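Since the structure comes first, as structure tokens, the remarks are kept for the end.
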Amino acid sequence: MKKNRLQRLVLSALVAGSLMAFQPQADAAVQVDPIPNLSDNFMKGADLSMVPALEANGAVFKDVDGTPKDVLQIFKEHGVNWVRFRIWNDPKAGPGGGGDTDEAKALEMTKRAKALGLKVLIDFHYSDFWADPGKQAKPHAWEGHSKDQLVKDVYDYTAKVLKDFQAQGTQPDMIQVGNEIMNGMMWPEGKFPGDDNGKELARLVQAGLQAIHDNDPKHEIKTMIHLADGGNNWIYQNFFNALINENKVNDFDVIGLSYYPFWHGTLDDLSNNINDISKRYNKDVVVVETAFGYTNQNFDKMANAYGPAEERIGGFRSTPQGQASGLRAVMERVSQVPNNRGIGMFYWAPDWYAVPNVGWKTGEGNEWDNLAMFDNNGRALESMDVWKDVSDKTAKAVTPTFKEAEVPTVIGNIGVPTKMPKTVLVTYTDDHTKELAVTWKEAAPVYSKLGTYTVKGTINELKQPVEAKVKVIKKVNLFKNPGFEDVTLNGWTIEGDASAVNPISKAGDSQGKGSMHYWADKAFHFKAYQKFTGLKPGKYTVRVSTQGGGGQTSYKLFLTTGGQMKTADIKDTAWNKWNTFEITDVEIKDGTAEAGVIMDGAPGNWGTLDNFEFFLQE
């Protein structure tokens, strides 16, 4: 799981709609259709690594009917057949928290799981704390070791832990070497691609695989290599071409993917990727991490990783029904991989409801509580039945039908044609959502007075009536395509290393539907701007919101007029930590201006820009 410290996301005015109408009824039943031809051996898994910390801090788990039970028993009775446990080398050497999941806890949890007949996947992080695409720190005990020694460390540690499991009589059924290692592991030595196109990473991965094979001569343990961004086929081809084709590491069985639809693309993106990589590399595939929200409510003081913006992008309502429908949709896509190469799916941390002192880090809270499969009192949600319902061959499928359409709010300006949205968000009875085209009775209404107006329209595909609210204000944003809501760079001029700049649509990377994204694996320079003519004389403001990893040589917002350039430095600090930068009181006399951003980036710099504004101060 990629650790994200998220602030509240605000949808842009163009696409913001009335979402309160979609809150579930308290006693609403959850409907899940069976998945045709789903294998009896399909892996229906849950990562329950947080359980020891939750139980130690007083968590009580209850079944759907309110009966207290062992949490593993609850999952088994609802159809889960696999569980996953991560291992950190020495959590005490890190900042603490996040379950502090060391070998001892994984051994105990595996013993409990095996006693119930559950199969077990072990996830080696090879770190003392979270390892993900943004951080892959070596264990404290291995700091200062040479590259050759690190290879030996991985081999020895993996072999030692595996032998401990075997000595306990609980040999894992599958082991993954590293966690979300698309950018490598044990940085800087194992960073990918680095300056060796992954050679050192390949040595580390091979050491882990070899340790497993040497202690499993019958090859009873399946092995996995796990990356994030499950909807991005380029990432997977780039990584596995290097690992398998160039560095000749191919003795593993499964490609694991993290796929969160609100971060990693559409379900079609997922299907395109898993269908390709299973055939291209002759591997089974497993979505080893996913999750869906059951509410947008937050139950502790830490901002959640998932909220209204993620709900919209992810394509499923934040309800138990939406959670179940989302999980079913992912399982169905995996099950449809040709030649039966799609073998399973795991839910990440469905147990992690908000319990005091069980945060992502010591002293902090739980950003995952509304993505759990238990409510804030530890009671299992009705969505828990998704695991068994997808395999119920006696159940009848129910075709979802139209439920509701949002009422979008559009910002208009006096005397200026209002740009109406091309689509509206429609919710179906299974709580999946789609953006559907709409025809408005007034395609570009013009208003002469301030106020809020109603525009009627029709959803083309469904022939359903729909309304939009137009809020007419005085300030006019002169940028074209300021919020990238059509996920294009239309209206913008990009000079310099244009290949480093692209539109993107991901929650956290965007404050609405889209944003302007930048990244390159080498030093880069670009200027993104628009030119303006016929401006009314007066003082103007230019503004932009940004987020990213920071570290640029130079990163500036600029406004040029009359041959003079005004600038404001832009400083980013973290993923999805949005800040707004502005230049004010710039007097424009000749009616012309140029505004945008200029960047000199270092290799690996990344981030996004959104919600540009340029307006006359009145």
Side-chain angles (χ1 to χ4, degrees), residues 12-15 410-422 442-451 453 470-498 501-503 511-512 514-516 518 525-546 552 554-571 579-600 608-618:
S12 72
L14 180 62
V15 299
V410 183
I411 299 300
N413 295 281
I414 291 176
V416 177
T418 302
K419 183 178 180 181
M420 299 298 293
K422 296 178 180 179
E442 297 178 85
V446 178
Y447 301 95
S448 59
K449 295 181 180 180
L450 301 180
Y453 301 84
V470 178
K471 185 177 180 181
V472 179
I473 63 174
K474 196 171 184 180
K475 183 178 72 175
V476 177
N477 186 0
L478 298 171
F479 274 115
K480 297 176 181 177
N481 191 20
F484 311 97
E485 294 305 285
D486 58 357
V487 198
T488 73
L489 300 182
N490 292 342
W492 290 86
T493 299
I494 312 294
E495 295 179 352
D497 296 311
V501 184
N502 64 284
Q511 291 193 303
S515 60
M516 178 189 291
Y518 61 85
H525 166 86
F526 74 88
K527 176 182 176 183
Y529 67 97
Q530 293 185 20
K531 290 184 176 182
F532 306 90
T533 59
L535 299 176
K536 181 181 177 181
K539 291 184 178 180
Y540 285 74
T541 290
V542 63
R543 185 181 293 155
V544 67
S545 295
T546 71
Q552 290 89 347
S554 177
Y555 187 11
K556 296 179 183 295
L557 174 69
F558 77 90
L559 175 56
T560 300
T561 184
Q564 299 293 317
M565 176 184 284
K566 301 287 187 180
T567 64
D569 288 334
I570 297 174
K571 299 289 185 183
N579 293 289
T580 299
F581 302 91
E582 66 179 12
I583 305 168
T584 62
D585 299 323
V586 178
E587 189 162 2
I588 295 179
K589 298 178 180 180
D590 65 0
T592 65
E594 188 177 287
V597 295
I598 302 175
M599 182 186 299
D600 288 297
T608 51
L609 306 102
D610 209 346
N611 293 340
F612 280 86
E613 292 183 89
F614 179 45
F615 57 88
L616 174 65
Q617 300 168 198
E618 293 192 63

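These numbers were taken from a predicted model, which means no experiment stands behind them.
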message: Please check this pair: side chain of Asn481 against backbone of Gly491, looking for a donor-acceptor N/O pair closer than 3.5 Å.
response: no

query: What residues, two or more places apart in sequence or in another chain, satisfy side-chain contact (heavy atoms from CB on, under 4.5 Å) together with Pro503?
result: Val487, Leu489

message: Between Val544 and Met516, is there a side-chain heavy-atom distance shorter than 4.5 Å?
response: no

query: How would you list, by chain and number, every residue that makes a side-chain contact (heavy atoms from CB on, under 4.5 Å) with Lys471, sequence neighbours excluded?
result: Ile411, Thr452, Ile473

query: Is the backbone N or O of His525 less than 3.5 Å from a side-chain atom of Asp497, with the two atoms forming a donor-acceptor pair by type?
result: yes

- prompt: Residues in side chain to side chain donor-acceptor pair (under 3.5 Å) with Tyr540, at least two apart?
  reply: none

message: Would the distance check show the side chain of Thr418 and the main-chain N or O of Pro445 forming a donor-acceptor pair, the cut-off being under 3.5 Å?
response: yes

Non-neighbouring partners of Glu495 that pass side-chain contact (heavy atoms from CB on, under 4.5 Å), sequence neighbours left out: Thr493, Lys527, Tyr529

message: List the residues meeting side-chain contact (heavy atoms from CB on, under 4.5 Å) with Thr561, not counting sequence neighbours, and say none if there are none.
response: Val586, Ile588, Asp590, Ala593

- prompt: Between Lys566 and Ile583, which heavy-atom pair has the shortest distance, and what is it?
  reply: O-CD1, 3.4 Å

Heavy-atom side-chain proximity of Leu478 to Leu535 below 4.5 angstrom: yes

Pairwise side-chain contact, Lys480 with Asn490, heavy-atom cut-off 4.5 Å (strictly under): no

field: With Phe612 via ring-ring contact (aromatic ring centres under 6.0 Å, His included) - residues at least two apart
entry: Phe479, Trp492

